[in-house]
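The structure appears below as structure tokens.
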Amino acid sequence: MQLASAVDPQLADLSNKLIYSAMVVYTLAMFAHMIEWTFGSRGAVAVRSTEQSVSLAETVAAADTKAAKKVTVTVAGAGGGTTTLTRTAVAGEGATVVTSGRGADEEDGPGAAGTNEKADLAGRIAVSLTVLALLLHGGGIVARGLSVSRWPWGNMYEFSCAFAFAMTGAYLVLLGAKKKVRWLGLPVVLAVLLTLGIATTVLYTDSEQLVPALHSPWLAIHVSTAIFCGGAFYAAFIATLLYLFQDSYRKRVDAGKYDFLRPGAVRSHDGQKYSQVRILMARVRVSVCNRLPAASTFDKLSYRVNALVFPLWTFTIIAGAIWAEAAWGKYWEWDPKETWSFITWVAYACYLHARATAGWKGRKAAYLALAAFACWLFNYYGVNIFVTGKHSYAGI
Amino acid sequence: MSNTTTETEQPPAPDDSAAERLSTAPVESEGPTGIGAFGWARWMWRQLTSMRVALILLFLLSLAAIPGSLIPQYQNGQGQLKVEAWKAQHSTVAPIYEKLQLFDVYSSVWFSAIYILLFVSLAGCIVPRTWQFVGVLRSQPPAAPRNLTRMPVHAAWRTEADADKVNAAAHRLLRKRGFRAHLSGGAVAAEKGYLREVGNLLFHLSLFALLGGFAWASLASGTGGKLMVQGEGYSNTITQLDDFNGTRFYGSQDLDPFYLKLDSFTSKFQTKGDQIGAARQFTANVEYYEGSDESKLKKSTIEVNHPLEIGGSKVYLIGHGYAPVVTVKNGKGDVVYRGAVPFLPQDGNLTSTGVVKVSDYGVGPDGNKTQMGFSGFFLPTAPLSFEGTGPRSLFPGDADPELVLNAFAGDLGTDSGLPQNVYQLNTRKLTQLTQDGQPAKARLKPGQAWELPDGYGSVTFEGYKQWASFNVSHRPGNSIALAGGVLAILGLIGSLFIQRRRIWVRAVALPGGGTQVELAGLARSESAKIAEELAELAVDLQDDAPASEDEDDNAETDVPEEAGAPTAPETSSDPEVPADQNSKE
Ligand code: HEM
């Protein structure tokens with residue numbers, strides 16, 4: 001593959017400016033989300049009962065239609081509660097309305113904004129800002145690629161930009177598909193800012209042509225799937241963390257750890273008064289956890305994403321091996337990057353095994369998922385920075 | 001919250017006898033059964049093939065792979081050199097590491113033990129599973145459990161339609177949905193998603209193909225190295241290769257016969273910015289023919305990602321550098337040496353070191369037979385002064401090339417018959433030439449000559465050529481491993497994305513007239529899809545089995561009752577007061 005050796009400095013400069021602007025807008029979005037979470041703490045209860053009544057009302061309406069075919073399916077939940085799913089087909093029109101009520105232990109919270117209108121507005125602004133940031137961010141990546149007429153992922157800085165882009169993109173696609181994932185906004189924006197921050201400070205390299213080892217169509221295939229897998233593993237990691245957070249909250253509630261917040265409850269323990277800080281922290285925890293989706297929702301989400309990505313990660317490794325065969329003559333050399341990809345792969349296989357066969361649900365599986373993601377993170381940052389191998393190219 | 005059935009308050013336990021597990025994973029065994037060595041052997045075998053041990057072995061495998069990524073390995077490219085350097089630096093722990101095979105992790109006893117055990121476990125798990133699965137395919141889906149409403153996903157209603165007709169309709173609908181359905185004993189049993197098992201088995205079995213490819217490659221592959229200066233060629237035989245690593249089934253006599261010549265070499269480097277000096281293009285233009293038929297000479301190029309396939313070997317471009325061309329004349333003015341000598345790069349800017357050995361120098365100024373050796377640097381872009389830095393190239397391209405030489409006279413040791421490193425001078429029996437009490441040294445630009453001190457003659461730096469080094473690799477088994485990899489991915493997709501699930505339908509005539517219809521589904525708990533699927537089926541089934549009027553009335557009257565029902569404590573949870581739900585009632 002012959003490449004034009006020129007670099008267009010204007011485009012390269014534009015790319016940097018766009019990335020910086022995107023970071024500024026992401027930061028604004030982050031603030032907006034924070035406002036959403038703060039205002040939303042006032043009135044999360046209300047929304048629950050409204051949602052409840054809406055779904056009941058729908059059921060009633062459907063049942064009222066005489067010609068309707070209606071079926072209620074009962075699903076036993078893991079924690080002993082039940083979920084029911086009602087499907088109604090209105091005769092003649094062929095329309096089906098699905099309403100699902102959820103059982104006791106699987107209640108999803110209403111989201112960051114609660115019922116508060118100001119919070120909701122802040123949330124909407126945050127999402128709009130995120131969209132704007134994504135456009136700037138995408139522009140930055142495209143300009144970077146154009147400035148050197150190649151795929152814009154030739155070094156760590158470029159991978160990180162693309163990776164953060166994939167993360168925001170995935171989140172916005174989910175949101176666009178009308179999934180209830182706006183609560184993901186804050187963690188996603190934080191993760192994106194962290195990634196871009198490291199990229200622009202520690203990993204930055206000027207826009208340049210590639211070393212010959214990277215002149216290969218496999219660059220586009222192997223690296224882009226690796227980036228995508230990274231984004232998805234990251235998302236699953238966030239879900240896993242939130243699962244643990246939510247799960248421990250439920251356990252604490254069950255153990256009566258928050259009883260002291262009840263109006264009129266004794267605000268002391270063993271004769272010691274609870275400090276203001278302690279009370280405030282507890283309030284925040286309660287308020288946040290009640291607005292987040294249920295623990296089981298997070299658990300399922302993280303499993304699904306990990307399971308979905310695992311075949312792609314397998315493909316990424318195999319594509320890398322094919323490329324290595326073309327570049328170095330051996331498809332597997334136990335180069336540190338290869339080794340850590342393998343370790344990551346085995347760790348995720350371990351996690352899937354644990355869930356599929358050993359029946360490890362919940363916390364134990366979650367710890368395995370965290371370990372697997374730690375391997376992935378080390379493979380991404382650690383190996384490139386601390387370990388030298390054949391995967392070290394110009395500018396890290 | 002429109003539960004119409006009361007028994008769902010408790011987690012309904014699946015009826016075990018009929019709803020056999022959807023996975024054919026082996027059952028965990030408790031302890032040794034039977035007596036004596038046989039009982040124990042069987043117990044150990046069961047343990048080894050249990051899922052728990054598989055999990056532990058997988059975990060161990062990933063742990064065991066870690067040290068190899070942090071400690072230099074013999075196996076890696078240039079591993080030998082790195083290992084030696086590391087050992088020199090850590091002389092106290094090095095022997096212990098060596099004992100523990102930490103420089104050779106991936107072929108060490110302990111690493112091999114883990115993966116061999118894992119694969120034995122895999123075989124012991126997957127082979128019986130395969131037979132079991134064939135059995136499943138040949139038999140009917142398991143009959144409906146007695147109490148369908150105790151299954152994890154279920155629905156029920158009353159209808160006026162005839163029970164047999166409802167069952168028949170359910171059977172038809174399930175078939176239409178691609179289920180393997182079976183109507184008997186007044187109930188329909190149906191199952192779908194067998195491809196999940198197929199995928200799972202395929203995935204695990206293809207791991208064997210991957211391992212087989214690996215094993216075959218490590219038994220029947222060989223790699224050789226060859227460095228050629230522009231214009232040089234060689235025949236792929238053991239005598240003309242610089243080095244060769246064979247294996248059990250590919251020795252030096254098995255080398256694929258061909259001829260390869262390096263015509264020219266092009267390199268380009270980044271000339272500005274913070275990646276200045278980074279390589280941008282390497283191309284080796286070569287001529288070659290397979291076998292021994294010179295008339296089949298062909299031209300081609302070899303680049304970093306584009307090896308050349310000749311016969312059963314692939315030729316990879318792995319390195320490049322400069323070879324200064326020097327002419328050495330002795331004291332009498334006779335040309336005693338002339339040639340291009342490859343110098344080896346020491347850094348990214350191609351500061352290169354090398355030696356020129358003149359073994360046929362003839363008679364020295366003192367009248368005795370002597371030999372001469374030169375060692376020095378080739379700098380493709382030399383700095384103005386070496387002050388502080390020593391001879392260091394500034395840029396890998398040949399912008400301002402210079403040759404820096406020291407001269408030695410005496411015995412090169414080449415006649416001793418021992419193999420010699422062509423890139424090093426054995427100075428044991430050599431004396432360095434001096435000038436004014438200092439070691440004699442010269443910085444030469446192309447075309448310049450250096451008059452050696454003490455009448456030793458002269459050295460002329462005529463110019464330079466590029467050289468390229470190649471890896472000649474014969475590796476069978478790649479396609480087996482690749483096929484294994486592709487099948488593994490396909491198998492995984494089947495295994496992870498397809499749900500295996502069962503649905504049962506039973507319509508029974510009630511004593512007081514009418515028919516009770518019950519549906520139940522069973523799938524992996526990971527998916528909520530089964531509920532949707534059951535609902536769709538139920539809606540379709542209501543064409544043939546419309547729900548009785550009073551059933552609808554029931555649903556309506558249920559609603560207000562449910563709204564204030566005490567059975568949903570968590571739904572009324574107040575964010576500020578999460579734990580006091582009970583006191584609210
Ligand atoms: C060589 C290393 C192994 C790897 C990389 C591996 C990987 C996997 C993966 C990724 C899955 C998930 C697929 C799913 O969820 O259905 C899986 C499932 C499974 N594995 Fe393995 N596995 C390995 C070894 C073994 C061994 C040694 C056994 C048996 C002792 C085994 C038995 C199973 C079973 C029974 C399932 C699926 C259970 C089910 O879903 O029905 N595997 N394996």
Side-chain angles (χ1 to χ4, degrees), chain A residues 5 44-45 52 56 59-60 63 69 71-76 80 82 84-87 89 101 104 107 206 208-209 211-213 215-216 253 256 258-259 261-262 286-287 290 303 307 311 314-315 318 326-327 329 333-336 339-340 342-343 346-347 349-350 353-354 357-358 387 394-395, chain B residues 1-5 8 11-12 25 51-52 55 58-59 61-62 65-66 68-69 73 75-76 106 152-155 270 273-275 278-282 304-305 316 471 473 485 488-489 492-493 496 526 531 534-535 538-539 542 552 555-556 559 563 568 570-571 574-580:
Chain A
S5 59
V45 210
Q52 211 70 41
L56 287 176
T59 316
V60 175
K69 294 186 288 174
V71 166
T72 300
V73 175
T74 309
V75 183
T82 57
T84 59
L85 176 142
T86 305
R87 179 171 280 256
E107 184 81 20
D206 275 342
E208 295 297 2
Q209 289 302 331
V211 293
H215 293 184
S216 165
V253 168
Y258 294 111
D259 283 358
L261 290 179
R262 258 185 298 159
V286 167
S287 156
N290 275 339
Y303 170 74
T314 311
F315 170 80
I318 291 173
E333 270 203 297
W334 297 104
D335 162 84
T339 306
W340 276 94
F342 172 75
I343 295 170
V346 175
C350 213
H353 247 234
T357 61
V387 187
Chain B
M1 298 274 59
S2 43
N3 308 356
T4 45
T5 36
T8 51
M51 293 314 301
R52 192 155 22 97
L55 206 64
L58 268 174
F59 189 68
L61 186 67
S62 61
I66 294 177
S69 71
Q73 300 290 301
Q75 258 177 327
N76 289 345
Y106 306 107
V153 179
H154 62 90
Q270 173 86 30
D274 65 357
Q275 290 185 26
R280 293 302 170 224
Q281 190 206 339
F282 297 133
V304 178
N305 272 303
Y316 296 86
N471 198 345
S473 163
I489 295 176
L492 263 181
I493 290 175
L496 289 166
E526 306 297 353
L534 202 67
V539 166
Q542 288 199 352
D552 267 351
E556 268 174 68
V559 170
E570 304 267 340
T571 54
D574 179 325
E576 302 290 328
V577 202
D580 73 344

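Bear in mind that the values here come from a model prediction, so they are computed numbers and not experimental data. To find a chain, count down the sequence lines: A is the first, B the second, and so on, and within it residues start at 1.
- When each of B:Asn471, B:Leu61, B:Ile493 is scored by its heavy-atom pairs under 4.5 Å with chain A, the top score falls to B:Leu61.
- For the residue pair B:Leu496 and A:Ala307, the shortest heavy atom distance occurs at CD1-O, 3.4 Å.
- Shown here for A:Phe315 and B:Ile489, the closest heavy-atom pair between the two residues is CA-CD1, 3.4 Å.
- For a residue to count as touching a neighbouring chain, one of its non-hydrogen atoms must lie under 4.5 Å from one of that chain's; by this rule B:Phe59 touches chain A with backbone and side chain alike.
- Scanning all heavy atoms of the two residues, the minimum distance from B:Ala65 to A:Thr339 falls at O-CG2, 3.3 Å.
- Closest non-hydrogen pair, B:Leu58 versus A:Cys350, comes out as CB-SG, 4.0 Å.
- Among B:Ala155, B:Ser62, B:Ser473, the residue making the largest number of heavy-atom pairs under 4.5 Å with chain A is B:Ser62.
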